[in-house]
Amino acid sequence: MDTPLSTIAVVGLGTMGTGIAEVLARAGREVIGIDIDDAAARHAVTALEASTARAVERERITEEERRNVLARFRTFSDLQAAADADLVIEVVPESYEAKQQVFRALDSIVRPETIVATGTNALSVTRLAADSARPERILGLHFFNPAPAMKLVEVVSSVLTSPNAVKAVTALARDLGKEPVAVGDRPGFVADGLLFGYLNQAAAMYEAKYASREDIDAAMKLGCGLPMGPLALLDLIGIDTARTVLDAMYAESHDRLHAPAPILKQLSEAGLTGRKSGRGFYTYEAPDSATVVRDALTPLEAAQTAGGRPVSSVGVAGSGTMASGIAEVFAKAGYDVVLAARSQEKAETAKSRIAKSLARSVDKGRLTPEARDETLARITAAGSLDSFAEVDMAVEAVAEDLDIKQELFATLDKICKPGAVLATTTSSLPVVACARATSRPQDVIGMHFFNPAPAMKLVEVVRTVLTADDVHATVREVTAKIRKHPVDCGDRAGFIVNALLFPYLNNAIKMVEEHYASLDDIDAAMKLGGGYPMGPFELLDVVGLDVSLAIEKVLHREFRDPGLAPAPLLEHLVAAGCLGRKTGRGFREYARR
C-alpha cells in the first residue's frame with residue numbers, strides 16, 4: 001500500500017465533504033467529488049470557485065493556480081467514479097445504514113489496494129470495517145469543520161486496520177498541512193470525546209435554569225479563553241448532530257455525563273437544530289446565518305443596574321496573589337482600598353507586589369506613571385481586619401478552607417458597619433456557609449474573580465437563597481465599574497466555569513489512564529481541534545494538580561455522579577508531590593528556575 005494517494009474520491013458533498021475536497025484540490029490532488037444530489041455537487045463547485053476567488057483577491061494564490069485547483073475537482077453522481085481512486089473518504093450522513101451501504105458498494109468498485117476512510121466522529125470504525133470485504137484497508141479520517149482552516153486530523157485505527165494504510169493516510173495529512181493525531185476506535189475519539197461531554201453538561205446547566213445562556217457562554221469564553229461559548233458552539237455544530245454523538249458515546253461508556261441532556265432531544269425533535277435551521281439555543285437572522293437576533297429570552301439592556309448600595313471604599317482581606325490582584329483592580333477603578341493581612345509585614349509585601357505589577361504596566365505603556373502613583377496612593381496596607389470598620393464592601397481572598405473563611409466572616413460581622421456588603425472569592429466552597437457565620441446573611445454574596453485578577457475579565461456573581469436583592473445589584477454595579485464582566489449563578493459547587501471545566505480535565509486524565517492517547521496528542525487535539533488556548537494537561541500543570549484535585553472532590557461530593565470521581569492518576573500524582581509547574585513536575589517535567 002505504498003501509494004502516493006494522488007487521486008482521492010470524496011463521497012458526500014455537504015459542508016464537510018466540500019471542505020475536504022477543497023483542501024485536497026489545493027494540495028495538488030485529483031479530487032473526485034461524488035454525491036447523489038446534483039444540487040449538492042453544484043453547490044460544492046460554486047463554493048470552491050468562491051473560496052479560490054477570495055484567495056486570489058487576497059493574493060494567496062495566482063489566477064493560474066486557481067484555474068488548476070478548479071480543474072482538479074470533478075463531480076459525479078455515481079460511486080463508479082471512485083474506481084480509479086487511491087483513497088476514498090466518505091462523509092455521508094452519520095448513520096451506520098448509510099455508511100455501510102457506501103462501504104459495501106465500494107467493495108466491488110475500487111481496487112484491492114485502495115484505502116477507504118470514514119469521516120465519522122461518532123460511529124464505530126471497527127463495526128464499519130467488519131462489514132467490508134477488506135476490513136484491513138478501512139480506517140477513520142476525522143477532519144474538523146471548517147476543514148480548510150482547522151489543522152487537526154484524527155487518524156483512527158481499528159484492530160483490523162493495516163499499519164500501511166495508517167502510514168499512508170498520516171503522510172497525506174501532513175502533506176495537506178494538517179497535524180495528524182493517531183487514536184483508537186471509540187465514539188468521539190479524542191477531541192469530540194472530550195468536547196461533547198463538556199457541551200452536554202453546559203446544555204444540562206442551562207436546562208436546569210442555573211444560569212442564562214448568555215452567562216454560560218460568556219463565562220467559558222472569558223474564564224477559559226475559549227473562542228465560543230458552549231451553547232453557541234452547539235448551535236454551530238448542530239444540536240441534532242451533538243445528540244447523535246452523545247448517544248454513541250453513552251452507548252459505550254454508560255457515563256451519565258454522556259447521556260444527552262433532555263433539552264437536546266426536545267430541540268432536535270422540534271426542528272430547532274441551531275444555526276442551520278435559524279434557531280437553537282439562540283435565534284438567528286435566517287437559516288445558516290451567524291447573526292443572533294433578540295428573542296423572548298434575550299436579557300433587557302441595563303437590566304439589574306439600579307437599586308444598589310453606594311460603594312466608595314473596599315476592604316480586601318488576604319496577602320496572596322489573588323488578594324493583591326483584586327486590590328489592584330479596585331484601586332485602578334478609583335476605589336479607596338484597605339488591604340488587610342495577618343500582619344503589617346504581610347500587608348506591605350502584598351502592596352509591594354501591586355507596585356511591581358503597576359510598574360510592569362507602565363513599562364508596557366498601558367499605564368502612565370501618574371496613574372500608577374494615584375493607584376498606589378489609594379491602597380492602605382493594614383495588619384488587622386479592624387481597619388475594615390468603615391469600608392462599604394469587604395472582599396475576602398484568603399485560603400480555600402471553609403473553617404478559615406467562616407472564622408473570617410464571623411470577624412467581619414463584628415467589625416464592618418451595618419449595610420456593608422461582605423463578599424467571598426471562593427471558587428468551590430458554599431457561599432451560604434460563609435453567610436451563616438454572620439448575623440447578616442442577607443449582606444453576603446460570592447464574587448469569584450479569576451487569576452490573574454487584573455487581566456481576567458470575568459467575575460462570577462454568586463447569590464445564595466438569603467442574599468438581598470440590593471446586595472446582588474450592588475455587586476453587579478461594582479463589577480461593571482471595575483471593568484469586569486459579571487455573570488450570575490447560584491450557590492452550588494464549581495459555579496459555572498469550574499463545574500464545566502474540571503470534569504473535562506478529569507476526562508482527559510482518564511483517557512491517558514486508559515492508554516487511549518498520549519498527553520501530547522490530547523493537548524494537540526484540543527488546541528487544534530477545539531480552539532482551546534491550552535491543552536488539558538498544560539492547563540492542569542498551570543492550575544496545580546492539588547488545586548484541581550480539591551475542586552474535583554468538591555464537585556463529586558456535591559453532585560454524587562460517579563463520572564465526576566477524580567481520576568486515580570490525578571490522586572497518585574498529588575500524593576507523590578507532583579503538583580505541576582510550581583513543583584517542577586506534574587504531568588510533565590519543568591526546568592527548575
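Worth saying up front: this structure is predicted, and the values here are computed from it rather than measured. Hydrogens, waters and symmetry mates play no part in the numbers below; they use all other heavy atoms, side chains included.
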Can you check whether Asp295's main-chain N or O pairs, donor with acceptor, with Thr283's side chain at less than 3.5 Å? no

Would Tyr282 and Asp217 count as having a side-chain donor-acceptor pair, cut-off 3.5 Å? yes

Answer yes if the side chains of Thr52 and Arg66 hold a donor-acceptor pair under 3.5 Å, and no otherwise. yes

Determine, for Arg111 against Glu113, whether the closest basic-nitrogen to carboxylate-oxygen distance falls under 4.0 angstrom. yes

Return yes if a side-chain donor-acceptor contact under 3.5 Å exists between Ser124 and Asp185, otherwise no. yes

What do you reckon, is CZ of Arg279 surrounded by more than 12 foreign heavy atoms closer than 6.0 Å? no

Heavy-atom closest pair, residues Ala203 and Leu264: CB-CD2, 4.1 Å

Test item: Val547 and Lys582 side chains (from C-beta on) under 4.5 Å apart, heavy atoms: yes

Any heavy-atom pair between the side chains of Val512 and Leu569 that's under 4.5 Å? yes

Ile20 side chain reached by Val91 side chain, heavy atoms, under 4.5 Å: yes

Asp86 side chain to Ser6 backbone, donor-acceptor under 3.5 Å: yes

When every non-hydrogen atom of Val497 is compared with those of Met220, the smallest separation belongs to CA-SD, 3.8 Å

Measuring from Leu139:CG to Leu160:CG, what's the distance to the nearest 0.5 Å? 11.5 Å

Could you measure the distance from the CG atom of Leu13 to the CD1 atom of Ile36? Nearest 0.5 Å is fine. 11.0 Å

Who are the side-chain hydrogen bond (donor to acceptor under 3.5 Å, both in side chains) partners of Thr120, not counting sequence neighbours? Glu94

Audit row: Tyr590, Asp541, side chain to side chain donor-acceptor pair (under 3.5 Å) steps and yes/no: CA-CA 10 Å; Tyr590 300 88; Asp541 279 353; 2.5 Å; yes

Ion pair Arg137/Asp107, N-O distance below 4.0 Å: yes

Heavy-atom donor-acceptor pair, Lys510 side chain to Pro568 backbone, under 3.5 Å: no

Verdict with reasoning, Ile496 to Met205, per side chain to side chain contact (heavy atoms under 4.5 Å, CB included): CA-CA 8 Å; Ile496 297 174; Met205 180 181 279; 4.0 Å; yes

Flag the pair Lys527 and Glu538 as a salt bridge only when some basic side-chain nitrogen lies within less than 4.0 angstrom of an acidic carboxylate oxygen. yes

Output yes when Arg29 and Asp175 qualify as a salt bridge under the 4.0 Å nitrogen-oxygen rule, no when they do not. yes

State whether the number of non-hydrogen atoms from other residues, nucleotides or ligands found under 6.0 Å of Arg104 atom CZ is greater than 12. yes

Locate the shortest heavy-atom distance separating Ala105 from Ser108; write the atom from each residue and the value. O-OG, 3.1 Å

Donor-acceptor contact present, side-chain Arg72 to main-chain Ala25, <3.5 Å: yes

Any side-chain heavy atom of Pro187 within less than 4.5 Å of one from Leu123? no

Thr241-Thr244 side chain donor-acceptor pair, cut-off 3.5 Å: no

Gap between atom CG of Leu519 and atom CE of Met511 - 0.5 Å precision: 12.5 Å

Could you check whether Glu22 and Ser51, counting side-chain N and O atoms only, form a donor-acceptor pair closer than 3.5 Å? yes

Does Glu59 have more than 12 heavy atoms from other residues, nucleotides or ligands lying within 6.0 Å of its CD? no

Could you tell me whether the side chain of Tyr516 and the main chain of Gly184 form a donor-acceptor pair under 3.5 Å? yes

Please tell me whether Arg213 and Thr298 have a donor and an acceptor in their side chains that are separated by less than 3.5 angstrom. yes

Taking atom types as modelled, find out whether Asp235 and Tyr284 have a side-chain donor-acceptor pair closer than 3.5 angstrom. yes

Which heavy atom of Ile522 sits nearest a heavy atom of Leu194, and at what distance? CG2-CD1, 3.9 Å

For the residue pair His485 and Val459, establish whether any side-chain heavy-atom pair is separated by less than 4.5 Å. no

Pair Asp240, Lys276 - check salt bridge (Lys or Arg N to Asp or Glu O under 4.0 Å), show working. CA-CA 11 Å; Asp240 51 342; Lys276 59 189 175 186; 2.9 Å; yes

Heavy atoms from other residues, nucleotides or ligands near CD of Gln101 exceed 12 (cutoff 6.0 Å): no

Might you point out which heavy atoms bring Ala147 and Gly19 nearest each other, and give the distance in Å? CB-C, 3.7 Å

Only counting residues at least two apart or in another chain, list the ones meeting side-chain hydrogen bond (donor to acceptor under 3.5 Å, both in side chains) with Glu552. none

More than 12 heavy atoms of other groups within 6.0 Å of Asp37 CG: yes

Treating Lys178 as the side-chain partner and Leu172 as the backbone partner, does any N or O pair qualify as donor plus acceptor under 3.5 Å? no

Have Tyr198 and Asn507 got a donor and an acceptor in their side chains that come within less than 3.5 Å? no

Regarding Glu65 and Arg60, does a basic nitrogen lie under 4.0 Å from an acidic carboxylate oxygen? no

On the six-membered ring of Phe537, is Arg588 placed so that its NZ or CZ lies under 6.0 angstrom from the centre and within 45° of the ring axis? no

Salt-bridge present (Glu90, Lys99; N to O < 4.0 Å): yes

Measure from NZ or CZ of Arg127 to the centre of the six-membered ring of Tyr96 and say whether it is under 6.0 Å with the direction within 45° of the ring axis. yes

So does Thr273 get a backbone contact from the side chain of Ser277, meaning a donor-acceptor N/O pair under 3.5 Å? yes

Are Val88 and Ile109 side-chain neighbours, meaning at least one heavy-atom pair lies under 4.5 Å? no

Looking at CG of Asn200 and CG of Leu246, how far apart are the two atoms once the value is rounded to the nearest 0.5 Å? 4.5 Å

Any side-chain heavy-atom pair from His258 and Phe196 closer than 4.5 angstrom? no

More than 12 foreign heavy atoms under 6.0 Å from NE2 of His43: is that the case here? no

Considering only heavy atoms from C-beta outward, does the side chain of Leu106 approach that of Leu79 to under 4.5 Å? yes

Please determine whether side chain to side chain contact (heavy atoms under 4.5 Å, CB included) holds for the pair Leu234 and Phe281, giving the CA-CA distance in whole Å, both sets of side-chain angles, and the decisive distance to 0.1 Å. CA-CA 8 Å; Leu234 278 164; Phe281 286 98; 3.7 Å; yes

Are side-chain N/O atoms of Thr75 and Asp35 paired as donor and acceptor at under 3.5 Å? no

Measure the spacing between CG of Asn164 and CD1 of Ile115 and express it to the nearest 0.5 Å. 8.5 Å

Keeping Glu154 on the side-chain end and Val190 on the backbone end, is there a donor-acceptor pair under 3.5 Å? yes

For the residue pair Leu500 and Ala202, what are the closest heavy atoms and their distance? CD2-N, 3.6 Å

Checking the side chain of Thr18 only, and the main-chain atoms of Thr15 only, is there a donor and an acceptor separated by less than 3.5 Å? no

From OG (Ser427) to CD (Glu460), nearest 0.5 Å: 9.0 Å

